[in-house]
Engineer: 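Structure incoming, see below.
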There are 2 protein chains.
Amino acid sequence: MARDDTPNAASVGATERSFRILERLGERQGCGVSELAESLSTSKSTVHNHLQTLKELGYVVQEGDEYRLGLQFLGLGDRARQHHDLYHVAKPETDSLVEAVGERAQVMVEEDGVGIYVYQSLADQAVRTDSHIGTVVDLHATSVGKAYLAHLPDDRLDAVLDQVAFDDQTPSTLTDAEALRTELDEIAERGYAFNDEERTVGMRAVGAPILSADDGRVLGAISVSGPTTRMTGTWYHEEVPEMVAQSAQIIGIRATYS
Amino acid sequence: MARDDTPNAASVGATERSFRILERLGERQGCGVSELAESLSTSKSTVHNHLQTLKELGYVVQEGDEYRLGLQFLGLGDRARQHHDLYHVAKPETDSLVEAVGERAQVMVEEDGVGIYVYQSLADQAVRTDSHIGTVVDLHATSVGKAYLAHLPDDRLDAVLDQVAFDDQTPSTLTDAEALRTELDEIAERGYAFNDEERTVGMRAVGAPILSADDGRVLGAISVSGPTTRMTGTWYHEEVPEMVAQSAQIIGIRATYS
DNA sequence: ACAGTCGTTCTGTTGAGCGGAACACACGCG
DNA sequence: CGCGTGTGTTCCGCTCAACAGAACGACTGT
């Protein structure tokens, strides 16, 4: 369910094709029909039909010989985010956290076995990577994901781990389910999680869970990430974790009483 | 093209149906199969097929007997917004404008004949309406839209006005094309536009165009809106316009040199 | 003028998206 | 307890529409 390459085919093929086109349009910053047709191994006419339909619906705009994603998706995205009220309470606190540490911070929420960034704040000197709002991340290979998993009830955790494909993304990625479970226990006790180049070489991160203040349920997670050159020593191991955990706690309190 | 009810049918019907379902899911905050099927006058099985497909693609999540929009749309929306670099430069300035006037402000960009809010900032006492990020608005019935139109080249203006259906939304809405043109001339000279309950009864707004600092091209528009009870006298007619126009100018300058 | 793009249009065929009916399950009520 | 009614889900054929491929203009740089 969580991964894209599910074996069972989608029942509505045309819809799947449309979204493949849209996703490709997002990756490249807009492109033409032929480029899309080739990269999706579909005929030009089919791609053209879909683009025309999406254009009429307002989800794609045409600029000369190029097609781009339409801004209407902002509306759908905003509507989807309104269900997760965590966003509104986390936004200001995340901004001040970024101001304090001078790196990058992101707020994650789980959806259907994967993590999705609902907010991201960047300091001026923060490292620009491919992650942004709406980025889908693995729960077991990020500091936010592990902080989240560490506080998940056992049955939910089992369900998530069953879906996870342990395809090591970097040489440091955990590939063993048991090793992950023992690390999650440590994280739960410690209160925050580290990520040392597991997902992206050259990047380290510190994540903390956002817990409901009354029933202790985990609502999401927040993390700060930066380059290995700056994330070192007690700054990486103590001071940043302290600040992240504190911000996470504040967000958790605000989320429960609002 | 700009409006939804275009006579010519979409070539890919399944895609259109999928998006109708998604839009409906957005309006109601998630709902069930039967409710969707009835309101779209489609069979339950068809709706179910589409929902399953969208769920596998990650754009819809299922929670018990309810379906909701998935957070993946955040990614598509963010990608679409990246093309309009206006967003990044306008965000901080809009926030400080809101802090100064204590109402609501929104940044608009044109896309295919309609206006779309790419950012919105709310003060604590701001009026909550149905507008939010991604909201599609008519260019001729909003202060942002008119401020934008007033600085559009003649040929582009003609093209937009041809598409506009003058369906008066409130008793105050302008319904005559010529009357609109004369008002646009005044706006262009004055530098800002007013909106007195044209779109929403009880709401007034002041909008100013965001112009490129070098070639004077109009990039978008920004507006402040609030209730008629608070938007009165010189505050509405002079002070707020002054602040909005100043913010618009700052954004225009930052947008050109960045 | 030519060959190389690009996007667009056309047409036939087949498979897939569709509606309708039947199913399984959860309620609430007498 | 059944019943009635409400879900969401599954099944199954029929037909229409989504697809591939080829042909068409319009450009662009040889």
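The structure presented is a predicted model; accordingly, all values stated were derived computationally and were not measured.
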Engineer: Assess whether side-chain hydrogen bond (donor to acceptor under 3.5 Å, both in side chains) is satisfied between T46(A) and R17(A), documenting all intermediate values.
Structural biologist: CA-CA 9 Å; T46(A) 299; R17(A) 228 165 303 237; over 6 Å; no
Engineer: Is the side chain of S41(B) donor-acceptor paired with the backbone N or O of E38(B) at a distance under 3.5 Å, no angle test?
Structural biologist: no
Engineer: Nearest 0.5 Å, what's the CD1-CD1 distance between I251(B) and I222(B)?
Structural biologist: 4.0 Å
Engineer: Quick one: pull up CG in L139(A) and CD in E110(A) and give me the separation to the nearest 0.5 Å.
Structural biologist: 6.0 Å
Engineer: Considering residues at least two apart in sequence or located in another chain, which fulfil the side chain to side chain donor-acceptor pair (under 3.5 Å) criterion with T42(B)?
Structural biologist: none
Engineer: Is it the case that the side chain of R68(B) and the backbone of E63(B) share a donor-acceptor pair, with hydrogens and angles ignored and the cut-off at 3.5 Å?
Structural biologist: no
Engineer: For nucleotides 24-30 of chain D, list the nitrogen or oxygen atoms of the protein found under 3.5 Å from its nitrogen or oxygen atoms, one pair per line.
Structural biologist:
none

Engineer: Could you check H50(A), K55(A), Q62(A) and say which one makes a side-chain hydrogen bond (donor to acceptor under 3.5 Å, both in side chains) with Y67(A)?
Structural biologist: Q62(A)
Engineer: How many angstroms lie between atom CD1 of I210(B) and atom CG of L86(B), to the nearest 0.5 angstrom?
Structural biologist: 4.5 Å
Engineer: Using a heavy-atom distance cut-off of less than 4.0 Å, which residues of residues 21-40 of chain A contact DNA chain C?
Structural biologist: G32(A), V33(A), S34(A)
Engineer: Among dC19(D), dC18(C), dA20(D), which nucleotide has an atom closest to any side-chain atom of N49(B)?
Structural biologist: dC18(C)
Engineer: Measuring to OP1 and OP2 of dC19(D), would you say a side-chain N or O of R17(A) lies under 4.0 angstrom away?
Structural biologist: yes
Engineer: Would you kindly give the CD-to-C1' distance between Q52(A) and dA17(D), to the nearest whole Å?
Structural biologist: 17 Å
Engineer: Give a yes or no on whether the ring-centroid distance for Y59(A) and F19(A) is below 6.0 angstrom.
Structural biologist: no
Engineer: Using modelled atom types only, decide if a donor and an acceptor are shared between the side chain of E111(A) and the backbone of L71(B) within a distance under 3.5 Å.
Structural biologist: yes
Engineer: Just checking H83(A): does its NE2 atom have more than 12 heavy atoms from other residues, nucleotides or ligands closer to it than 6.0 angstrom?
Structural biologist: yes
Engineer: Does the side chain of H48(A) get closer than 4.0 angstrom to OP1 or OP2 of dT8(C) through an N or O atom?
Structural biologist: yes
Engineer: Check this for me, if you would: do R181(B) and D158(B) make a salt bridge, where the nitrogen-to-carboxylate-oxygen distance has to be below 4.0 angstrom?
Structural biologist: yes
Engineer: Hey, does the side chain of S43(A) come within less than 4.0 Å of dG21(D)'s phosphate (OP1/OP2), counting only N and O?
Structural biologist: no
Engineer: My understanding is that only residues two or more places apart in sequence, or in another chain, count here; which of them pass ring-ring contact (aromatic ring centres under 6.0 Å, His included) with Y119(A)?
Structural biologist: Y87(A)
Engineer: What residues from residues 60-69 of chain A pass a heavy-atom cutoff of under 4.0 Å to DNA chain D?
Structural biologist: none
Engineer: Counting only side-chain N and O atoms of H50(A), is one of them less than 4.0 Å from OP1 or OP2 of dC19(D)?
Structural biologist: yes
Engineer: Let me have DNA chain D in dot-bracket notation, would you? Count Watson-Crick plus G-U wobble pairs, both distances under 3.5 Å, and use [ ] for pairs crossing earlier ones and | for inter-strand partners.
Structural biologist: ||||||||||||||||||||||||.|.|||
Engineer: At less than 4.0 Å, is any side-chain N or O atom of S45(B) found next to OP1 or OP2 of dG19(C)? Yes or no.
Structural biologist: no
